[in-house]
Colleague: 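The structure is given below, and queries will be raised subsequently.
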Amino acid sequence: MINMVLSPRESAECISGLAKHVTICHDGIEKATDLILECIQKETFSLSSWWKKNELIPQDPTLTSTLDWIFLLDTLNFSFWADKGKAYKVTFEGKTHTGYWSLCAAVKRAIKDGYNIISPDYYSTISFDTLAHIFRSDTGTEIPLLKERHKILIETGKCLIEKFNSTFSTCVTMAKNSAQNLLKIVYENFPSYRDEATIDGHIVSFYKRAQILVADIWLCCEGKNWGAFEDIDSLTIFADYRIPQALVYLGAMKYSEELQIKLEKGELLENGSRYEVEIRGCTIQVCELIYQLIKAKQKEGKVLQSLNINLILIDNFLWEYRSHAKEMEHVPFHRTRCIYY
């Protein structure tokens, strides 16, 4: 019998039912839901504000180069957490950036310096030394997993050249306005996007970077043109290491004493380990429950039905919330060094 790979949503339900080290807390789900709704109704956070407010992100959704930029960034969007005292930082035009934004800043700097880094014709043959120079940091700390990033760029660039006419826009066109079609094209053709694991004999998937890639196109295009995905609400949240940290802080998830001790010690959790799979799966499931609760409140008339809320907005809110809530620093996040998130 061949075990089929469960979709991220199916995987989350399966994992949460099998979890031994992560508990879903419904009181915390209510609290998180109320917080999200409060911020959205006060218009302190929206889909358009998240994308439009940063000068490091391309703003013209009509250009194929914008799609190639988004694809490049999401292909490299992984493993930005820093070991203590070894932060990777990039300064561009007077502003210093960390985390995901340091990657954006490095790419902007490279383009300004004359490197055609968003072109697969260029990065499919890029040398390791050139890539190291492009991603150089202010601190002397090398960007995490640089060798893996180099390998992935060459592999990805060659695939785009050989199968998709040297541009990711070909993939988007082939998807025919379907988020699920585009996801399938991405994880079937680009190995670094195959974010899967096994738990108790079940093959589960998260597809964090593949899903965020589709969401970024949708956000950039405001659901139009390239981003007119008719099934955009079929996406789950994007299971990383910051969203669960926010959910634990809000009381929507709780860790077993055994797992909590490991996190407090800063122990590395292996990609695909039960601890890590449970954290990521339950993160998706908790956000699914938050989304369902919001929809129920809208149906009951307790929340404006005109509010366009989906899991992309919930994910982006929690990610931004974690970035700005300094009081959350005491909540340990799980440390897994891998190419998937």
Colleague: Mind checking whether Phe190 and Tyr193 have parallel, tilted or perpendicular rings, split at 30° and 60°?
Modeller: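 Phe190 and Tyr193: perpendicular rings.
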Colleague: Does the distance from a Lys or Arg side-chain N to an Asp or Glu carboxylate O, for Asp195 and Arg280, drop under 4.0 Å?
Modeller: yes
Colleague: ring-ring contact (aromatic ring centres under 6.0 Å, His included): which pairs involve residues 273-300, sequence neighbours left out?
Modeller: His21-Tyr275
Colleague: So Tyr341 and Asn77, do their side chains get closer than 4.5 Å, heavy atoms only?
Modeller: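 Result no, sub-4.5 Å side-chain heavy-atom pair not found.
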Colleague: Return the set of residues passing side chain to side chain contact (heavy atoms under 4.5 Å, CB included) with Val277 (not counting sequence neighbours), or none when no residue passes.
Modeller: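 Scan of Val277 (side chain to side chain contact (heavy atoms under 4.5 Å, CB included), adjacent residues dropped) gives Ile15, Ala197, Ile199, Val204, Phe206.
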Colleague: Using the test side chain to side chain contact (heavy atoms under 4.5 Å, CB included), find all partners of Asn116 that sit at least two apart in sequence or belong to another chain.
Modeller: Ile118, Ser119, Tyr122
Colleague: Do Asp233 and Ile312 make a side-chain contact, defined as non-hydrogen atoms from C-beta onward lying under 4.5 Å apart?
Modeller: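 Result no, sub-4.5 Å side-chain heavy-atom pair not found.
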Colleague: With sequence neighbours left out, what residues match Lys163 under side chain to side chain contact (heavy atoms under 4.5 Å, CB included)?
Modeller: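 Per chain and number, Lys163 pairs via side chain to side chain contact (heavy atoms under 4.5 Å, CB included) with Cys159, Asn189.
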Colleague: Regarding Arg136 and Glu142, does a basic nitrogen lie under 4.0 Å from an acidic carboxylate oxygen?
Modeller: no
Colleague: List in chain and number order the residues that pass side chain to side chain contact (heavy atoms under 4.5 Å, CB included) with Asp231, two or more places apart in sequence or in another chain; answer none if no residue qualifies.
Modeller: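 Asp231 satisfies side chain to side chain contact (heavy atoms under 4.5 Å, CB included) with Ser178, Ala179, Gln180, Phe229, Ser234 only.
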Colleague: What is the ring orientation for Tyr321 with Tyr249, classed by angle as parallel under 30°, tilted 30 to 60°, or perpendicular over 60°?
Modeller: tilted
Colleague: Got a sec, which residues hit side-chain hydrogen bond (donor to acceptor under 3.5 Å, both in side chains) with Gln285, two or more places apart in sequence or on another chain?
Modeller: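 Applying side-chain hydrogen bond (donor to acceptor under 3.5 Å, both in side chains) to Gln285 gives none.
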Colleague: Glu288 and Arg9: salt bridge (Lys or Arg N to Asp or Glu O under 4.0 Å), yes or no, with the steps?
Modeller: CA-CA 8 Å; Glu288 184 71 27; Arg9 183 168 279 104; 3.0 Å; yes
Colleague: Look at Lys95 together with Glu55 and state whether they make a salt bridge at an N to O cut-off of under 4.0 Å.
Modeller: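 Looking at Lys95 and Glu55, the cut-off is met.
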Colleague: Would you find more than 12 non-hydrogen atoms of other residues, nucleotides or ligands less than 6.0 Å from Glu188 atom CD?
Modeller: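 Yes, the 6.0 Å shell around CD holds more than 12 heavy atoms from other groups.
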Colleague: Between Glu258 and Lys262, does any side-chain N to carboxylate O distance fall below 4.0 Å?
Modeller: no
